[in-house]
Undergrad: 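I have a structure I would like to understand better, so I am pasting it below and will then ask my questions one at a time.
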Amino acid sequence: ANQEQRQTVIAVNLVLAVMSLLLLGMLVFVQRKILNPFAELGGLPYELSKGNLTVPIKENKNRFFGRFVWGLNVLRENLEQQKQRELSLLREKKTLVISLSHDIKTPLSAIKLYAKALAKDLYNEEEKQLEMYGSIGEKADEIERFLSQIIEASSEDFLNFEVKQGEF
């Protein structure tokens, strides 16, 4: 009976040793295939939120994170493209505003000069005064055209979107 107990203890110890090795192997597998790749991706959302979009994420063949990393790379590229597009639109808008504000100054200066001339009664003839009033109206219309261009350019941003054809 003593021999039998010994064999049972040895068998139980062997089974426990094999199970311990299997558990240890499983833990090593989980560490290498799931936890380590996840830890490498841990700082990625922070970098993306800071605007660091230029560094590609290292893709691997890991079946658990392969598609996830690929998706993050696509997201990063799309964010980078949108950022470039936004900067381009902002540059165009600033150029337009500078150009239009310069264009508005010219007729505005003419209106001021005509108004001063009329205020100082430089033009006694009624015909000349009517001509000045007409010029003021023309210059005001010119300014109004520039303002409508500004409004049109501002409203185009709301309706400006890109359509990309592809599989869905």
Side-chain angles (χ1 to χ4, degrees), residues 29-168:
F29 174 81
V30 167
Q31 175 72 29
R32 286 189 180 164
K33 297 293 183 183
I34 296 174
L35 296 178
N36 285 347
F38 191 71
E40 289 174 11
L41 296 174
L44 180 67
Y46 179 69
E47 290 298 322
L48 288 176
S49 71
K50 285 191 333 186
N52 186 4
L53 305 172
T54 57
V55 179
I57 306 160
K58 181 183 161 195
E59 288 189 38
N60 56 23
K61 302 282 187 206
N62 186 334
R63 68 179 180 185
F64 300 109
F65 289 100
R67 288 184 60 111
F68 178 70
V69 170
W70 174 81
L72 284 176
N73 264 332
V74 170
L75 173 66
R76 181 193 55 77
E77 288 169 4
N78 284 342
L79 287 172
E80 189 173 3
Q81 287 173 354
Q82 280 189 327
K83 186 177 179 182
Q84 293 302 322
R85 187 169 172 263
E86 251 180 66
L87 288 174
S88 173
L89 286 174
L90 189 61
R91 230 177 281 123
E92 287 177 20
K93 191 179 240 181
K94 282 185 178 184
T95 303
L96 178 69
V97 168
I98 289 170
S99 171
L100 287 174
S101 64
H102 176 72
D103 290 345
I104 289 174
K105 282 184 179 183
T106 305
L108 193 58
S109 296
I111 289 173
K112 283 181 172 181
L113 286 175
Y114 294 146
K116 281 182 184 178
L118 289 170
K120 291 185 179 186
D121 210 22
L122 292 178
Y123 301 106
N124 295 335
E125 303 167 18
E126 189 176 325
E127 191 176 304
K128 196 64 173 169
Q129 287 178 348
L130 290 175
E131 187 181 320
M132 291 297 118
Y133 292 134
S135 295
I136 289 174
E138 287 173 15
K139 298 301 178 184
D141 290 342
E142 199 174 326
I143 291 173
E144 196 173 41
R145 278 194 308 275
F146 289 135
L147 290 176
S148 64
Q149 285 178 352
I150 291 172
I151 292 169
E152 184 180 324
S154 296
S155 66
E156 282 178 2
D157 285 348
F158 293 114
L159 302 174
N160 190 8
F161 58 89
E162 250 179 71
V163 177
K164 294 181 181 179
Q165 291 185 351
E167 288 186 28
F168 180 75

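Heavy-atom basis, side chains included; hydrogens, waters and symmetry copies ignored.
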Undergrad: Under a 4.0 Å threshold between the charged nitrogen and the carboxylate oxygen, would Glu86 count as salt-bridged to Lys83?
TA: no
Undergrad: Please say which of Lys112, Glu138, Glu142 ends up in a side chain to side chain contact (heavy atoms under 4.5 Å, CB included) with Pro107.
TA: Glu142
Undergrad: How far apart are the closest heavy atoms of Gln129 and Tyr123, and which atoms are they?
TA: NE2-O, 2.7 Å
Undergrad: Tell me which one of Gln81, Gln82, Arg76 satisfies side chain to side chain contact (heavy atoms under 4.5 Å, CB included) with Asn78.
TA: Gln81
Undergrad: Roughly how far apart are Lys116 NZ and Leu118 CG, rounded to 0.5 Å?
TA: 13.0 Å
Undergrad: Got a second to check how far Ile143's CD1 is from Leu147's CG, nearest 0.5 Å?
TA: 7.5 Å
Undergrad: For Tyr114 versus Ile136, what's the shortest heavy-atom pair and its separation?
TA: CB-CG1, 3.5 Å
Undergrad: Is there side-chain contact between Gln31 and Asn36, with heavy atoms separated by less than 4.5 Å?
TA: yes
Undergrad: So how far is it from Glu125 CD to Met132 CE, rounded to the nearest 0.5 Å?
TA: 10.5 Å
Undergrad: Is the backbone N or O of Thr95 less than 3.5 Å from a side-chain atom of Ser99, with the two atoms forming a donor-acceptor pair by type?
TA: no
Undergrad: Supply the atom-to-atom distance Arg145 CZ to Ile104 CD1, rounded to the nearest 0.5 angstrom.
TA: 11.5 Å
Undergrad: Can you give me the closest heavy-atom contact between Ile111 and Ala140, atom names plus distance?
TA: CD1-N, 3.6 Å
Undergrad: At what distance, to the nearest 0.5 angstrom, does CZ of Phe146 lie from NE2 of His102?
TA: 9.5 Å
Undergrad: Using only atom types and a distance under 3.5 Å, with no angle test, would you say the side chain of Ser135 pairs donor to acceptor with the backbone of Glu131?
TA: yes
